[in-house]
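Just so you know, residue 1 is the first one in the sequence shown, and it goes up from there.
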Amino acid sequence: MISLKSIFTGKKKLSLIILLFLFIAPIYSASYSYSIVSENSEYEMMIEEVLSLMREVTNQDRIDEARVRLEREAEYKYEDSYDSYLRAENFSSLESLKKDDISFSTLTLEKNSHSFSDSEKKWIFDSDEDAIDYYRRLYGIDMLIAVDSVSEDPVPFLVLSINGERRLTSLFQSLDKEDDLKELLDLFLPLLKNENTHLYSFSLPPQGTLVVDGKNINLYTGYIALENGEHTFTYSAPGYVLETEKICLDGTNGKLDLNLNRIIPEPLFITPIPYDAKLYYNGMEEESHIIKEAIYPFTLTLSHEGFSVYSLQSMNRANSLDLTMKPEWMNDATLLEDAKMEFYKSLFTTLMLFGGWVSTGVVMRVYPDVPLYPLRGVMMGVSVVSLVNLFQSMFEYYESAQLGL
C-alpha cells in the first residue's frame with residue numbers, strides 16, 4: 001500500500017520541477033508571417049531575396065501587429081477549449097484552463113506555407129479589403145504581398161500591393177534588375193526594421209563568403225541591413241586572404257569597404273611516387289612537377305597506370321609536397337581476409353604434419369619391428385616445408401594488417 005507521505009513528497013517534487021521550469025524557460029521567439037501571391041516568378045524571387053535580408057523584424061508597428069494576431073489566436077484557442085470542456089462536463093480541466101501568455105523576445109520573419117487557390121488569388125488581385133482581411137485572419141498571415149501583372153506588352157508592368165494597399169509599380173526588365181532591387185529594399189527596410197537599422201552595399205566576388213556576427217550573408221543582392229553599432233565581418237574569396245575586422249556603423253556611409261588582399265603566388269614543387277605520374281593542378285594538367293604560381297586553396301590530382309587516382313585538397317600555403325600513390329591491388333577489400341585465411345590454413349597444415357611426425361615416432365617406439373622410417377622422413381620433410389609456408393603467410397598477414405588493407 002502506497003503511503004500518503006510518499007504521495008505528498010512526489011507532489012512537492014513535481015511542483016518544484018514545474019516552478020523551476022517556469023523560471024528558467026526563455027521567452028519564446030514569435031514569427032511575423034508573410035505570404036506572396038505573384039503573377040511574375042522572377043519578380044517574386046527577387047522579393048524573396050530582399051526579405052531574406054530582414055531576418056528579424058524590429059519595427060514597432062509590425063511587432064504590435066504580430067502581438068494582436070497572437071492574442072487573437074490565443075483567444076480563439078481558449079474559447080474553443082472552453083466550449084469543448086464544457087460540453088464534455090470536464091470541470092477539472094475547465095478550472096485549470098488559462099489563456100496563453102503572449103510574450104516574445106524576438107520577432108522573426110517567416111513565410112506562410114498556405115497555397116492560395118485561383119479564386120482566392122482573384123479576390124487578392126482585385127484588392128478586396130474584406131477578402132484580404134479574412135484570408136489574413138484565416139491563415140495567420142501578417143503581411144500579404146500581391147504582385148499583379150497589369151500589362152505584358154512590351155515589358156511587364158507590375159503592381160505590388162501589401163495587405164490590399166498599392167505600394168509600388170514597376171516596368172520590370174529581367175535583364176536589368178538593379179533599380180527594381182533598390183526600390184524593393186527601400187520599401188521593405190522601413191516597413192520591417194526600426195530607425196536604427198540601415199542598408200549597406202558591399203562588393204565581393206560571386207564565389208566569396210561573408211559572415212557578419214556569426215551569420216552567413218547571401219551575396220546575391222549585394223546589400224545587408226544592420227543596426228547601428230559594432231559588427232564583426234569575416235570575408236574571403238578564392239585567391240584572397242581570409243579577413244576578419246570589426247566595423248562600427250552609424251548609417252552615415254551606405255557602403256562597406258571590404259578590402260580583399262590577394263594571395264601572392266609562390267612556386268610549389270611536387271614529388272610524386274611514381275615520379276612519372278601525370279599531375280593536374282586545379283583540374284589542369286601540368287607538364288612539369290613545378291607549379292610556378294600556386295595559390296591556395298588548390299587541388300592536386302595524380303594519375304598513373306596501375307595505381308589508384310590520388311587527390312589532395314589543401315587550404316594552406318605549401319612550398320613542396322611529397323605524394324605517394326597506392327597500387328591498384330591495394331584497393332582489394334578482401335586482401336586482409338584472404339591473408340588471414342591463408343595464415344590459419346598454413347598453421348593448421350603445419351600442426352597436422354607435425355602431429356603426424358610425432359605420432360610415427362611413438363608408433364616406432366611401441367612397435368620397433370614396424371618399418372616406419374621412410375614415412376617418418378617424409379613427414380619431417382613436409383613439415384619443414386609447411387613451416388616455411390607458415391612463416392611466409394604470417395608475414396603477409398602482418399603486412400596487410402599494418403597497411404590497413
Would you please name every residue forming a salt bridge (charged side-chain N to carboxylate O under 4.0 Å, His left out) with [X], sequence neighbours left out?
| X | value |
| --- | --- |
| Arg137 | Asp133 |
| Asp148 | none |
| Glu49 | none |
| Glu165 | none |

Tell me yes or no: between the side chains of Ser92 and Asn90, is some donor less than 3.5 Å from an acceptor?
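A pair is found: one side chain offers a donor N or O, the other an acceptor, under 3.5 Å apart.
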Partners passing ring-ring contact (aromatic ring centres under 6.0 Å, His included) against Tyr76 (at least two apart in sequence or in another chain):
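For Tyr76 there are no ring-ring contact (aromatic ring centres under 6.0 Å, His included) partners, ignoring immediate neighbours.
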Contacts of type ring-ring contact (aromatic ring centres under 6.0 Å, His included), residue His289, not counting sequence neighbours
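Only Tyr275 meet the ring-ring contact (aromatic ring centres under 6.0 Å, His included) criterion with His289.
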Pairing residues for [X] by the side chain to side chain donor-acceptor pair (under 3.5 Å) criterion, not counting sequence neighbours:
| X | result |
| --- | --- |
| Asp180 | Ser170 |
| Tyr43 | none |
| Ser119 | Ser117 |

Less than 3.5 Å apart, which donor and acceptor atoms pair up between the side chains of residues 224-231 and the rest of the protein, not counting sequence neighbours?
unit_1, atom_1, unit_2, atom_2, d
Asn228, OD1, His198, NE2, 3.4
His231, ND1, Asp213, OD2, 2.7
His231, NE2, Glu227, O, 2.7

If you count heavy atoms of other groups shown closer than 6.0 angstrom to CD of Glu285, is the number above 12?
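More than 12 within 6.0 Å, yes.
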Are more than 12 heavy atoms from other residues, nucleotides or ligands located less than 6.0 Å from atom CZ of Arg166?
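Open: at most 12 neighbouring heavy atoms sit under 6.0 Å from CZ of Arg166.
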Scan for salt bridge (Lys or Arg N to Asp or Glu O under 4.0 Å) pairs involving residues 258-280, sequence neighbours excluded, and state none if there are none.
Glu266-Arg317
Would you say the rings of Phe116 and Tyr139 are close, in the sense that their centroids are separated by under 6.0 Å?
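They qualify: ring centres under 6.0 Å apart.
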Qualifying side chain to side chain donor-acceptor pair (under 3.5 Å) pairs with a residue from residues 79-88, counting only residues at least two apart or across chains:
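Non-adjacent pairs meeting side chain to side chain donor-acceptor pair (under 3.5 Å): zero.
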Do Ile141 and Tyr135 have side chains that get closer than 4.5 Å, going by heavy atoms?
no
Compare all side-chain heavy atoms of Ile145 with those of Leu51 and state whether any distance is below 4.5 angstrom.
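Of all side-chain heavy-atom pairs linking Leu51 with Ile145, at least one is under 4.5 Å.
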